[in-house]
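Structure first, then comments.
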2 protein chains.
Amino acid sequence: MISLDADSSPTPEELPPEIDGLRMTKQRREVFSVVLAERDHPTANDVFSRSQKRMPTISLATVYNCLEALVSHGLVRQVNFEREPSRYCPNLSDHCHFQDEKTGTIHDVVFKEGVNLADFLELPQGTEVSHLEISLKGRIGSN
Amino acid sequence: MISLDADSSPTPEELPPEIDGLRMTKQRREVFSVVLAERDHPTANDVFSRSQKRMPTISLATVYNCLEALVSHGLVRQVNFEREPSRYCPNLSDHCHFQDEKTGTIHDVVFKEGVNLADFLELPQGTEVSHLEISLKGRIGSN
DNA sequence: CTTCGAATTAGAATAATTCCAATTATTGCT
DNA sequence: AGCAATAATTGGAATTATTCTAATTCGAAG
Ligand SMILES: [Mn+2]
Ligand SMILES: [Mn+2]
Ligand SMILES: [Zn+2]
Ligand SMILES: [Zn+2]
(Lines give C-alpha, C1' and ligand atoms only; values in the text may rest on other atoms or scores of the structure.)
(Ligands and ions follow the chains in the order given, each with its own letter.)
Protein backbone atom coordinates (compact mmCIF):
# COMPACT_ATOMS: atom_id res chain seq x y z
CA MET A 1 0.00 0.00 0.00
CA ILE A 2 1.39 3.37 -1.09
CA SER A 3 1.14 6.11 1.48
CA LEU A 4 -0.77 9.13 0.36
CA ASP A 5 0.14 12.12 2.50
CA ALA A 6 -1.41 15.24 1.04
CA ASP A 7 1.95 17.01 1.14
CA SER A 8 4.51 14.43 0.02
CA SER A 9 3.59 12.34 -2.98
CA PRO A 10 6.20 9.96 -4.33
CA THR A 11 8.41 10.85 -7.26
CA PRO A 12 8.53 8.15 -9.94
CA GLU A 13 11.91 7.01 -8.56
CA GLU A 14 10.44 6.43 -5.15
CA LEU A 15 7.83 3.99 -6.43
CA PRO A 16 8.70 0.29 -6.06
CA PRO A 17 9.34 -1.97 -9.08
CA GLU A 18 6.08 -3.81 -8.54
CA ILE A 19 2.81 -2.93 -6.84
CA ASP A 20 0.07 -5.38 -6.20
CA GLY A 21 1.28 -7.72 -8.91
CA LEU A 22 1.57 -4.91 -11.45
CA ARG A 23 5.04 -4.43 -12.87
CA MET A 24 5.92 -0.79 -12.45
CA THR A 25 7.69 0.22 -15.60
CA LYS A 26 9.32 3.60 -15.99
CA GLN A 27 6.21 4.91 -17.76
CA ARG A 28 3.75 3.46 -15.29
CA ARG A 29 5.67 5.01 -12.44
CA GLU A 30 5.67 8.35 -14.19
CA VAL A 31 1.93 8.20 -14.89
CA PHE A 32 1.14 6.97 -11.41
CA SER A 33 3.21 9.69 -9.78
CA VAL A 34 1.44 12.31 -11.87
CA VAL A 35 -1.94 11.04 -10.72
CA LEU A 36 -0.74 10.89 -7.11
CA ALA A 37 0.79 14.35 -7.21
CA GLU A 38 -2.38 16.42 -7.41
CA ARG A 39 -5.93 15.76 -6.40
CA ASP A 40 -7.41 17.61 -9.29
CA HIS A 41 -8.79 14.62 -11.20
CA PRO A 42 -6.83 15.09 -14.42
CA THR A 43 -7.96 13.76 -17.77
CA ALA A 44 -5.76 11.37 -19.76
CA ASN A 45 -4.56 14.35 -21.72
CA ASP A 46 -3.67 16.27 -18.57
CA VAL A 47 -1.71 13.25 -17.38
CA PHE A 48 -0.03 13.08 -20.76
CA SER A 49 1.15 16.68 -20.76
CA ARG A 50 2.31 16.53 -17.15
CA SER A 51 4.18 13.30 -17.80
CA GLN A 52 5.87 14.80 -20.82
CA LYS A 53 7.64 17.33 -18.58
CA ARG A 54 9.76 14.63 -16.93
CA MET A 55 9.58 12.10 -19.75
CA PRO A 56 9.36 13.89 -23.09
CA THR A 57 9.27 10.66 -25.09
CA ILE A 58 6.19 9.15 -23.48
CA SER A 59 3.28 8.68 -25.87
CA LEU A 60 -0.41 9.33 -25.37
CA ALA A 61 -1.15 5.69 -26.17
CA THR A 62 1.15 4.68 -23.35
CA VAL A 63 -0.56 7.06 -20.96
CA TYR A 64 -3.86 5.40 -21.83
CA ASN A 65 -2.26 1.96 -21.43
CA CYS A 66 -0.75 2.87 -18.08
CA LEU A 67 -3.95 4.41 -16.75
CA GLU A 68 -5.86 1.33 -17.81
CA ALA A 69 -3.32 -0.89 -16.05
CA LEU A 70 -3.45 1.22 -12.89
CA VAL A 71 -7.25 1.33 -12.90
CA SER A 72 -7.68 -2.37 -13.51
CA HIS A 73 -5.27 -3.15 -10.68
CA GLY A 74 -7.22 -0.89 -8.38
CA LEU A 75 -4.44 1.64 -7.84
CA VAL A 76 -6.29 4.52 -9.46
CA ARG A 77 -9.99 5.24 -9.93
CA GLN A 78 -11.54 6.28 -13.20
CA VAL A 79 -14.17 8.97 -12.80
CA ASN A 80 -16.87 9.82 -15.31
CA PHE A 81 -19.17 12.80 -15.59
CA GLU A 82 -21.82 12.34 -18.22
CA ARG A 83 -20.09 12.37 -21.62
CA GLU A 84 -17.01 14.24 -20.52
CA PRO A 85 -13.55 12.75 -20.92
CA SER A 86 -12.69 10.32 -18.12
CA ARG A 87 -10.75 11.65 -15.19
CA TYR A 88 -8.43 9.84 -12.83
CA CYS A 89 -8.42 9.89 -9.05
CA PRO A 90 -5.76 8.59 -6.63
CA ASN A 91 -8.13 8.56 -3.66
CA LEU A 92 -8.98 4.93 -3.03
CA SER A 93 -11.14 5.54 -0.02
CA ASP A 94 -14.89 5.24 -0.43
CA HIS A 95 -16.04 8.50 -1.94
CA CYS A 96 -17.93 10.08 -4.79
CA HIS A 97 -17.56 13.18 -6.92
CA PHE A 98 -19.09 16.61 -7.12
CA GLN A 99 -18.44 18.86 -10.07
CA ASP A 100 -18.75 22.61 -9.65
CA GLU A 101 -20.70 23.67 -12.71
CA LYS A 102 -19.14 27.11 -12.60
CA THR A 103 -15.51 26.06 -12.80
CA GLY A 104 -15.65 22.40 -13.81
CA THR A 105 -13.58 21.55 -10.74
CA ILE A 106 -14.22 18.12 -9.28
CA HIS A 107 -14.31 17.60 -5.53
CA ASP A 108 -14.17 14.38 -3.57
CA VAL A 109 -17.23 13.84 -1.41
CA VAL A 110 -17.22 11.32 1.41
CA PHE A 111 -20.14 9.44 2.86
CA LYS A 112 -21.30 10.21 6.33
CA GLU A 113 -20.16 7.95 9.12
CA GLY A 114 -21.18 4.35 8.61
CA VAL A 115 -23.43 4.80 5.61
CA ASN A 116 -23.73 1.98 3.14
CA LEU A 117 -25.37 2.92 -0.10
CA ALA A 118 -26.89 -0.48 -0.81
CA ASP A 119 -28.88 0.00 2.39
CA PHE A 120 -30.80 2.78 0.72
CA LEU A 121 -31.51 1.08 -2.56
CA GLU A 122 -34.32 -1.31 -3.38
CA LEU A 123 -31.97 -3.78 -5.10
CA PRO A 124 -33.33 -7.06 -6.48
CA GLN A 125 -32.78 -9.96 -4.08
CA GLY A 126 -29.29 -11.43 -4.40
CA THR A 127 -27.74 -8.61 -6.36
CA GLU A 128 -23.98 -8.38 -6.18
CA VAL A 129 -22.69 -4.87 -6.82
CA SER A 130 -19.22 -4.85 -8.33
CA HIS A 131 -19.00 -1.24 -9.34
CA LEU A 132 -20.66 1.91 -8.13
CA GLU A 133 -20.36 5.46 -9.32
CA ILE A 134 -22.06 8.51 -7.86
CA SER A 135 -21.61 11.82 -9.64
CA LEU A 136 -23.11 15.12 -8.59
CA LYS A 137 -23.13 18.48 -10.26
CA GLY A 138 -24.07 21.88 -8.96
CA ARG A 139 -23.04 25.16 -7.46
CA ILE A 140 -20.89 25.59 -4.42
CA GLY A 141 -21.59 27.91 -1.53
CA SER A 142 -21.84 31.53 -2.66
CA ASN A 143 -20.75 31.15 -6.28
CA MET B 1 -47.93 15.39 -17.52
CA ILE B 2 -48.06 12.30 -19.70
CA SER B 3 -49.43 9.20 -18.07
CA LEU B 4 -47.13 6.26 -18.08
CA ASP B 5 -49.03 3.04 -17.57
CA ALA B 6 -46.71 0.12 -18.02
CA ASP B 7 -49.11 -1.50 -20.48
CA SER B 8 -50.40 1.32 -22.67
CA SER B 9 -47.83 3.79 -23.91
CA PRO B 10 -48.98 6.50 -26.31
CA THR B 11 -48.58 6.20 -30.04
CA PRO B 12 -47.05 9.28 -31.65
CA GLU B 13 -50.51 10.38 -32.76
CA GLU B 14 -51.77 10.34 -29.23
CA LEU B 15 -49.15 12.81 -28.03
CA PRO B 16 -50.26 16.44 -27.81
CA PRO B 17 -48.83 19.17 -30.08
CA GLU B 18 -46.92 20.72 -27.22
CA ILE B 19 -45.61 19.43 -23.89
CA ASP B 20 -44.18 21.60 -21.21
CA GLY B 21 -43.44 24.40 -23.66
CA LEU B 22 -41.73 22.02 -26.10
CA ARG B 23 -43.28 21.94 -29.54
CA MET B 24 -43.98 18.32 -30.37
CA THR B 25 -43.10 17.93 -34.00
CA LYS B 26 -43.80 14.73 -35.86
CA GLN B 27 -40.25 13.55 -35.26
CA ARG B 28 -40.21 14.46 -31.57
CA ARG B 29 -43.45 12.61 -31.07
CA GLU B 30 -42.04 9.58 -32.81
CA VAL B 31 -38.84 9.62 -30.78
CA PHE B 32 -40.68 10.26 -27.53
CA SER B 33 -43.13 7.45 -28.18
CA VAL B 34 -40.25 5.08 -28.88
CA VAL B 35 -38.62 5.97 -25.57
CA LEU B 36 -41.94 5.64 -23.77
CA ALA B 37 -42.77 2.33 -25.40
CA GLU B 38 -40.20 0.13 -23.71
CA ARG B 39 -38.32 0.43 -20.47
CA ASP B 40 -35.15 -1.02 -21.83
CA HIS B 41 -33.04 2.14 -21.83
CA PRO B 42 -32.28 2.28 -25.55
CA THR B 43 -29.28 4.06 -27.01
CA ALA B 44 -29.70 6.84 -29.57
CA ASN B 45 -29.07 4.26 -32.23
CA ASP B 46 -31.71 1.94 -30.84
CA VAL B 47 -34.15 4.82 -30.87
CA PHE B 48 -33.13 5.61 -34.43
CA SER B 49 -33.76 2.13 -35.75
CA ARG B 50 -37.06 1.77 -33.91
CA SER B 51 -38.21 5.15 -35.16
CA GLN B 52 -37.31 4.24 -38.70
CA LYS B 53 -39.94 1.49 -38.66
CA ARG B 54 -42.77 4.01 -38.50
CA MET B 55 -40.90 6.93 -40.04
CA PRO B 56 -38.38 5.68 -42.58
CA THR B 57 -37.17 9.16 -43.47
CA ILE B 58 -36.08 10.25 -40.00
CA SER B 59 -32.37 10.91 -39.68
CA LEU B 60 -29.98 10.00 -36.91
CA ALA B 61 -29.12 13.67 -36.45
CA THR B 62 -32.78 14.34 -35.83
CA VAL B 63 -32.97 11.55 -33.30
CA TYR B 64 -30.07 13.15 -31.44
CA ASN B 65 -31.75 16.55 -31.72
CA CYS B 66 -35.06 15.22 -30.46
CA LEU B 67 -33.51 13.33 -27.57
CA GLU B 68 -31.57 16.42 -26.59
CA ALA B 69 -34.77 18.49 -26.69
CA LEU B 70 -36.67 15.92 -24.64
CA VAL B 71 -33.87 15.59 -22.10
CA SER B 72 -33.37 19.32 -21.67
CA HIS B 73 -37.10 19.78 -21.16
CA GLY B 74 -37.07 17.10 -18.52
CA LEU B 75 -39.32 14.68 -20.40
CA VAL B 76 -36.69 11.97 -20.74
CA ARG B 77 -33.62 11.13 -18.69
CA GLN B 78 -30.20 10.54 -20.16
CA VAL B 79 -28.37 7.67 -18.50
CA ASN B 80 -24.64 7.05 -18.62
CA PHE B 81 -22.57 4.02 -17.73
CA GLU B 82 -18.87 4.71 -17.76
CA ARG B 83 -17.84 5.33 -21.37
CA GLU B 84 -20.74 3.49 -22.96
CA PRO B 85 -23.11 5.24 -25.37
CA SER B 86 -25.78 7.23 -23.55
CA ARG B 87 -29.11 5.58 -22.94
CA TYR B 88 -32.52 7.12 -22.52
CA CYS B 89 -35.07 6.51 -19.82
CA PRO B 90 -38.73 7.57 -19.67
CA ASN B 91 -39.00 7.00 -15.93
CA LEU B 92 -39.03 10.43 -14.34
CA SER B 93 -39.45 9.24 -10.79
CA ASP B 94 -36.44 9.37 -8.52
CA HIS B 95 -34.37 6.34 -9.32
CA CYS B 96 -30.95 5.13 -10.35
CA HIS B 97 -29.58 2.40 -12.61
CA PHE B 98 -28.11 -1.04 -12.26
CA GLN B 99 -26.46 -2.77 -15.18
CA ASP B 100 -26.28 -6.54 -15.23
CA GLU B 101 -22.71 -7.23 -16.28
CA LYS B 102 -23.70 -10.54 -17.80
CA THR B 103 -26.31 -9.28 -20.22
CA GLY B 104 -25.77 -5.53 -20.30
CA THR B 105 -29.40 -5.03 -19.33
CA ILE B 106 -30.14 -1.91 -17.33
CA HIS B 107 -32.64 -1.98 -14.49
CA ASP B 108 -34.27 0.89 -12.68
CA VAL B 109 -33.51 0.91 -8.96
CA VAL B 110 -35.56 2.96 -6.54
CA PHE B 111 -34.51 4.41 -3.24
CA LYS B 112 -35.95 3.05 -0.07
CA GLU B 113 -38.80 4.95 1.50
CA GLY B 114 -37.88 8.50 2.46
CA VAL B 115 -34.18 8.39 1.68
CA ASN B 116 -32.52 11.59 0.59
CA LEU B 117 -29.06 11.19 -0.85
CA ALA B 118 -27.71 14.50 0.37
CA ASP B 119 -28.46 13.23 3.86
CA PHE B 120 -25.64 10.77 3.76
CA LEU B 121 -23.05 12.77 1.84
CA GLU B 122 -20.57 15.09 3.50
CA LEU B 123 -21.27 17.94 1.08
CA PRO B 124 -19.55 21.30 1.53
CA GLN B 125 -21.75 23.82 3.33
CA GLY B 126 -24.18 25.56 0.98
CA THR B 127 -23.82 23.16 -1.93
CA GLU B 128 -26.68 23.17 -4.39
CA VAL B 129 -26.99 19.89 -6.27
CA SER B 130 -28.51 20.32 -9.72
CA HIS B 131 -27.77 16.93 -11.15
CA LEU B 132 -27.17 13.52 -9.66
CA GLU B 133 -26.37 10.22 -11.28
CA ILE B 134 -25.92 6.89 -9.54
CA SER B 135 -24.86 3.93 -11.62
CA LEU B 136 -24.27 0.42 -10.36
CA LYS B 137 -22.91 -2.64 -12.08
CA GLY B 138 -22.89 -6.24 -11.04
CA ARG B 139 -24.43 -9.66 -11.15
CA ILE B 140 -28.04 -10.43 -10.48
CA GLY B 141 -29.32 -13.21 -8.27
CA SER B 142 -28.14 -16.63 -9.47
CA ASN B 143 -26.56 -15.60 -12.79
C1' DC C 1 -51.38 32.56 -49.27
C1' DT C 2 -46.92 34.47 -47.61
C1' DT C 3 -43.53 35.03 -44.27
C1' DC C 4 -40.08 33.68 -41.11
C1' DG C 5 -38.16 31.38 -37.34
C1' DA C 6 -37.58 26.70 -36.05
C1' DA C 7 -36.79 21.91 -37.18
C1' DT C 8 -34.97 18.42 -40.12
C1' DT C 9 -31.63 16.44 -43.02
C1' DA C 10 -27.29 14.39 -45.12
C1' DG C 11 -23.02 14.47 -44.70
C1' DA C 12 -18.72 16.24 -42.85
C1' DA C 13 -16.19 17.13 -38.73
C1' DT C 14 -14.73 16.30 -34.03
C1' DA C 15 -12.57 14.14 -30.25
C1' DA C 16 -11.81 10.58 -26.88
C1' DT C 17 -10.32 6.29 -26.99
C1' DT C 18 -8.72 1.95 -28.98
C1' DC C 19 -6.29 -0.76 -32.23
C1' DC C 20 -2.26 -2.22 -34.91
C1' DA C 21 2.12 -3.59 -36.28
C1' DA C 22 6.75 -2.53 -35.47
C1' DT C 23 10.25 -1.64 -32.08
C1' DT C 24 12.24 -1.87 -27.63
C1' DA C 25 12.68 -3.38 -22.88
C1' DT C 26 12.60 -6.86 -19.40
C1' DT C 27 12.60 -11.45 -17.64
C1' DG C 28 14.09 -16.06 -17.03
C1' DC C 29 16.96 -19.25 -18.42
C1' DT C 30 21.57 -21.55 -19.65
C1' DA D 1 27.02 -12.70 -19.91
C1' DG D 2 24.22 -14.32 -24.04
C1' DC D 3 19.55 -15.71 -25.82
C1' DA D 4 14.88 -16.61 -26.31
C1' DA D 5 10.36 -15.61 -24.82
C1' DT D 6 7.24 -12.31 -23.18
C1' DA D 7 5.50 -7.85 -22.14
C1' DA D 8 5.41 -2.87 -22.77
C1' DT D 9 5.90 1.16 -25.57
C1' DT D 10 5.29 3.81 -29.63
C1' DG D 11 3.33 6.56 -33.66
C1' DG D 12 -0.04 6.51 -36.41
C1' DA D 13 -4.29 4.81 -38.21
C1' DA D 14 -8.92 3.42 -37.07
C1' DT D 15 -13.12 3.58 -34.52
C1' DT D 16 -17.27 5.55 -32.91
C1' DA D 17 -20.48 8.34 -30.40
C1' DT D 18 -21.73 12.66 -30.89
C1' DT D 19 -21.84 17.40 -32.77
C1' DC D 20 -21.66 20.66 -36.38
C1' DT D 21 -22.83 22.83 -40.90
C1' DA D 22 -25.28 24.52 -44.45
C1' DA D 23 -29.10 23.63 -47.22
C1' DT D 24 -33.91 22.43 -47.29
C1' DT D 25 -38.42 21.87 -45.41
C1' DC D 26 -41.99 22.68 -42.12
C1' DG D 27 -45.54 25.07 -39.75
C1' DA D 28 -47.55 28.66 -36.94
C1' DA D 29 -49.10 33.31 -37.30
C1' DG D 30 -50.69 37.03 -39.66
MN1 LIG E 1 -14.99 2.83 -12.79
MN1 LIG F 1 -28.18 13.69 -16.97
ZN1 LIG G 1 -11.84 11.40 -6.29
ZN1 LIG H 1 -34.35 4.39 -15.74
Side-chain angles (χ1 to χ4, degrees), chain A residues 12 15-35 41-52 54-73 75-76 78-88 104 106, chain B residues 12-13 15-35 41-52 54-73 75-88 104 106:
Chain A
L15 290 167
E18 177 171 325
I19 303 180
D20 213 8
L22 177 67
R23 227 179 93 199
M24 292 304 278
T25 64
K26 213 153 43 89
Q27 288 84 347
R28 285 175 186 164
R29 271 194 294 267
E30 177 56 41
V31 165
F32 193 19
S33 76
V34 164
V35 174
H41 301 89
T43 64
N45 241 301
D46 294 336
V47 175
F48 177 48
S49 36
R50 293 176 199 176
S51 297
Q52 277 185 308
R54 296 183 129 261
M55 188 181 279
T57 59
I58 198 172
S59 76
L60 179 57
T62 298
V63 169
Y64 273 103
N65 289 340
C66 292
L67 288 170
E68 144 69 17
L70 294 166
V71 167
S72 68
H73 282 252
L75 300 173
V76 166
Q78 184 168 3
V79 174
N80 298 295
F81 272 90
E82 319 215 301
R83 313 284 320 149
E84 294 174 27
S86 284
R87 295 167 170 274
Y88 297 88
I106 291 173
Chain B
E13 300 75 37
L15 289 168
E18 176 171 327
I19 302 180
D20 213 8
L22 178 67
R23 224 178 100 202
M24 292 304 278
T25 63
K26 212 152 43 83
Q27 288 84 349
R28 285 175 186 165
R29 270 194 295 269
E30 177 55 42
V31 165
F32 193 18
S33 77
V34 164
V35 174
H41 301 88
T43 64
N45 241 303
D46 295 335
V47 174
F48 177 49
S49 37
R50 292 177 200 175
S51 297
Q52 278 186 305
R54 295 181 132 261
M55 188 180 280
T57 58
I58 197 171
S59 75
L60 179 58
T62 297
V63 170
Y64 273 104
N65 290 340
C66 293
L67 288 171
E68 144 70 16
L70 294 166
V71 167
S72 67
H73 283 252
L75 300 172
V76 166
R77 278 182 59 180
Q78 183 169 2
V79 174
N80 299 296
F81 272 89
E82 318 215 302
R83 313 281 324 147
E84 294 175 29
S86 284
R87 294 166 171 277
Y88 297 88
I106 290 173

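Fair warning: this is a prediction, and the values are worked out from it, not measured in the lab. Every chain is numbered from 1 and lettered A, B, ... according to where its sequence line falls, protein lines coming before strand lines.
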Under 4.0 Å protein heavy-atom contact, by nucleotide of nucleotides 17-30 of chain D - B base, S sugar-phosphate only: SBBB------S---

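When DNA chain C is scanned in the 5' to 3' direction for atoms under 4.0 Å from non-hydrogen atoms of chain B, the outermost contacting nucleotides are C:dA6 to C:dT17.
Shown here for B:Ser51 and B:Glu30, the closest heavy-atom pair between the two residues is CA-OE2, 3.5 Å. Of all the heavy atoms in B:Gln78 and B:Ser86, the pair that sits closest is NE2-OG, 2.9 Å. B:Phe32 approaches B:Ile19 most closely through the heavy-atom pair CE2-CD1, 3.7 Å.
By the side-chain contact (heavy atoms from CB on, under 4.5 Å) test, B:Glu84 pairs with B:Phe81, B:Arg87, B:Gln99, B:Lys137, sequence neighbours left out. When the side chain to side chain donor-acceptor pair (under 3.5 Å) test is applied to A:Ser59, the partners found at least two apart in sequence or on another chain are A:Thr62.
Of the possible donor and acceptor atoms, one in the side chain of A:Arg28 sits under 3.5 Å from a partner among the backbone N and O of A:Arg23.
Within the structure, every pair that satisfies the side-chain hydrogen bond (donor to acceptor under 3.5 Å, both in side chains) test and touches residues 41-50 of chain A, not counting sequence neighbours, is listed here: A:Asp40-A:Arg50, A:His41-A:His97, A:His41-A:Asp108, A:Thr43-A:Asp46.
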In sequence, state the C-alpha distance, the side-chain angles, and the governing distance for A:Leu70 and A:Val35, and then conclude on side chain to side chain contact (heavy atoms under 4.5 Å, CB included). CA-CA 10 Å; A:Leu70 294 166; A:Val35 174; 5.5 Å; no

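End-to-end axis angle of the helix from C:dC1-D:dG30 to C:dT30-D:dA1, using five pairs per end and rounding to 10°, comes to 30°.
Look at A:Thr62 and you'll find a side-chain N or O under 4.0 angstrom from OP1 or OP2 of D:dT10.
When side chains are defined from C-beta on, A:Tyr88 does not count as touching A:Val34, because their heavy atoms never get closer than 4.5 Å.
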